[in-house]
2 protein chains.
Amino acid sequence: MENLKNEEFIHHLSYDSVIFGFNGKLLKILVLEYHNTGLFALPGGFVKRNQSLNEAAKEGLTKRTGLKNVFLEQFYTFGEMERYDGNAMKHILEGNRLDTGKNRWMLDRFITVAYYALINYDKVTPVPDELSDSINWYAVDELPPLMMDHKEIVEKALEVLRKNLDRKIVGMNLLPSKFTMKHLQQVYEAILGEDLRRTTFQRKMLSLNVLDRHEKLYQGKAHKAPYLYSFKQ
Amino acid sequence: MENLKNEEFIHHLSYDSVIFGFNGKLLKILVLEYHNTGLFALPGGFVKRNQSLNEAAKEGLTKRTGLKNVFLEQFYTFGEMERYDGNAMKHILEGNRLDTGKNRWMLDRFITVAYYALINYDKVTPVPDELSDSINWYAVDELPPLMMDHKEIVEKALEVLRKNLDRKIVGMNLLPSKFTMKHLQQVYEAILGEDLRRTTFQRKMLSLNVLDRHEKLYQGKAHKAPYLYSFKQ
DNA sequence: CCAAAAGTGTTTTAGCTACACCCATGA
DNA sequence: TCATGGGTGTAGCTAAAACACTTTTGG
């Protein structure tokens with residue numbers, strides 16, 4: 001636990017990440033479970049004194065997923081007094097048999113900068129952090145009870161993601177490099193939580209002129225094989 | 001300067017506000033000039049240990065403008081290492097004859113949560129803070145050289161404001177309670193930095209069904225008198 | 001009665017939806 | 001050849017844009 005030394009981090013400030021993945025059916029996020037506590041939380045961490053905020057979040061994401069150069073964006077900074085729960089953190093430290101004296105700064109109030117990431121579900125083997133014994137994918141509408149205000153953070157992340165859907169090419173990060181139109185539509189439907197019209201969706205996507213069409217995907221099914229697409233450049 | 005006591009504030013964390021106003025022609029923001037330094041900066045401040053982040057920003061806005069209940073929204077948290085400039089802050093403290101020993105925490109690196117506000121230009125008598133000898137309106141495209149990364153913060157604020165223009169009823173906060181369609185259009189044009197079509201704009205605004213029409217405004221000019229409008233409820 | 005600005009009716013255009021039809025595929 | 005899912009043409013609808021015309025005002 002030497003990397004949690006008092007001096008190394010900026011106090012009172014943390015980051016938390018809502019890491020989205022798509023398993024082909026459901027939109028999921030990564031959730032940690034802390035040792036011996038039954039507490040679930042978003043993956044997060046602290047900012048080193050000589051490290052930029054965005055770098056810290058990026059580094060944290062890489063540690064948990066092994067992925068680099070993925071879509072990661074800040075979306076809100078949570079700083080309410082109500083989010084402070086010293087007992088929860090004490091519980092976590094004790095569950096890890098850490099000295100609550102030396103690590104007192106971790107029991108203080110924290111303001112947290114929240115990020116969301118979009119990653120390729122299949123390319124990831126999630127790695128728990130030092131304080132946790134597991135990290136797992138959970139469908140966004142079947143989350144375990146999350147500690148402090150983490151549920152609220154997830155909800156805000158979803159809201160921002162939905163709001164940005166029409167501006168950003170979101171599928172790029174959640175899908176493998178080649179995918180069918182149906183896959184792409186499923187991602188959109190999972191994010192929006194509603195069904196979309198097949199023909200309308202296809203035409204809208206094609207009209208954006210951001211997709212390259214490739215060979216067809218033969219699935220061994222008794223129907224027309226769909227084209228594979230990828231995002232341009 | 002007792003309200004800058006070491007113990008009272010969370011270290012390494014600040015907020016800065018881009019406070020927009022509209023003088024009838026130009027989109028402007030409030031800029032501070034620090035005592036004896038020639039340094040210009042956005043109005044900002046620190047977060048008390050027992051105060052929520054949003055409350056701190058709201059309180060700071062009220063202090064500088066006297067206004068309560070105005071539109072104020074967080075839009076990004078700036079945490080790059082490059083934004084840290086201990087010399088600038090030292091310069092400011094010295095310009096105010098403050099002990100750089102006791103106030104050493106203010107020379108540290110800061111991560112700042114940026115807000116933007118929309119206020120009614122005519123209802124404000126801006127008040128400088130303790131470290132500044134003036135606070136003034138500057139047109140967004142005629143800003144003085146701002147310290148550290150404050151120019152970048154203003155640019156991001158403008159970007160966010162433009163992106164949100166179609167979703168929020170922005171004019172509500174920047175105009176007096178009654179205004180003509182032309183005034184409203186001028187606000188939009190000032191924010192977007194481009195001209196809009198008169199007829200299209202009028203119809204779009206009316207179709208939103210958020211305006212009440214009132215009496216006409218006689219300006220003593222040789223042309224048809226425009227209606228005055230206000231935002232509903 | 002003129003010029004300028006404001007308001008609105010009408011036409012044109014573009015995008016979306018619904019529906020249909022055809023195509024490709026493997027059983 | 002049948003059932004199934006995929007791709008696209010077309011007709012209809014709606015909202016936005018472009019254009020033009022009328023109205024109001026003070027000189």
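All chains are named by letter (A, B, ...) in the order of the sequence lines, taking the proteins before the strands, and each is independently numbered beginning at 1.
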Exercise. Hey, which of these two, A:K204 or A:K221, hits DNA chain C nearer its 5' end, going by closest nucleotide?
Worked result: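 It is A:K204, whose closest nucleotide lies nearer the 5' terminus.
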When you measure from the side chain of [X], which nucleotide among [options] comes out closest?
| X | options | value |
| --- | --- | --- |
| A:A222 | D:dG7, D:dA3, D:dG26 | D:dA3 |
| B:K182 | C:dA6, C:dG26, C:dA3 | C:dA6 |
| B:L206 | D:dG26, C:dG7, C:dT8 | C:dT8 |

Exercise. Can a cation-pi geometry be assigned to B:R109 and B:Y84, taking NZ or CZ under 6.0 Å from the six-membered ring centre and within 45° of the ring axis?
Worked result: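 Ring-cation test returns no.
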For this session: Please say whether the positively charged group of B:R213, taken as NZ for Lys or CZ for Arg, lies over the ring of B:Y227, i.e. under 6.0 angstrom from the six-membered ring centre and within 45 degrees of the axis.
Result: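 Geometry flag: set, cation within 6.0 Å and 45°.
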For this session: Please indicate whether B:K28 has more than 12 foreign heavy atoms, meaning atoms of other residues, nucleotides or ligands, lying under 6.0 Å from its NZ.
Result: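 Yes - once you tally the heavy atoms of other residues, nucleotides and ligands closer than 6.0 Å, there are more than 12.
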Exercise. More than 12 foreign heavy atoms under 6.0 Å from NZ of A:K232: is that the case here?
Worked result: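 Buried by this count: over 12 neighbours within 6.0 Å.
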Whether [Y] and [X] form a salt bridge (side-chain N of Lys/Arg under 4.0 Å from carboxylate O of Asp/Glu) is what I want to check.
| X | Y | value |
| --- | --- | --- |
| A:K163 | A:E159 | no |
| A:E215 | A:K178 | yes |
| B:E80 | B:R83 | no |
| B:E152 | B:K156 | no |

Atom pairs, N/O to N/O, protein against nucleotides 12-15 of chain D, distance under 3.5 Å?
none

What's the [atom1]-[atom2] distance between [X] and [N], to the nearest Å?
| X | N | atom1 | atom2 | value |
| --- | --- | --- | --- | --- |
| B:M205 | C:dA6 | CE | P | 16 Å |
| A:Y218 | C:dC23 | OH | P | 15 Å |
| B:K216 | D:dG26 | NZ | C1' | 14 Å |
| B:L217 | C:dA5 | CG | P | 15 Å |
| B:L228 | C:dA6 | CG | P | 12 Å |
| B:H223 | C:dA4 | NE2 | P | 11 Å |
| A:E215 | C:dA24 | CD | C1' | 16 Å |
| B:K224 | C:dC2 | NZ | P | 19 Å |

For this session: Respond yes when some side-chain nitrogen or oxygen of B:Y227 is under 4.0 Å from OP1 or OP2 of C:dG7, and no when none is.
Result: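 For C:dG7, neither OP1 nor OP2 has a side-chain N or O of B:Y227 closer than 4.0 Å.
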For this session: Check whether the ring centres of B:Y121 and B:F20 lie less than 6.0 Å apart, and answer yes or no.
Result: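 No; B:F20 has its ring centre 6.0 Å or more from that of B:Y121.
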Problem set entry | Side-chain donor-acceptor contact under 3.5 Å, B:S230 with B:H214 |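 Yes, a side-chain donor-acceptor pair sits under 3.5 Å.
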Problem set entry | Terminal helix-axis angle for the helix from C:dC1-D:dG27 to C:dA27-D:dT1, with five pairs defining each axis and rounding to 10 degrees |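 End-to-end axis angle: 10°.
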Problem set entry | B:Y116 and B:F71 aromatic ring geometry - parallel, tilted or perpendicular at 30°/60° bounds |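 Aromatic pair B:F71/B:Y116 classed tilted.
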Problem set entry | B:Y138 and B:F40 aromatic ring geometry - parallel, tilted or perpendicular at 30°/60° bounds |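 Correct class here is perpendicular.
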Exercise. Does any residue of residues 190-203 of chain A have a heavy atom under 4.0 Å from DNA chain D, and if so, which ones, in number order?
Worked result: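 Residues of residues 190-203 of chain A that come under 4.0 Å of DNA chain D are, in numerical order, A:R198, A:T199, A:Q202, A:R203.
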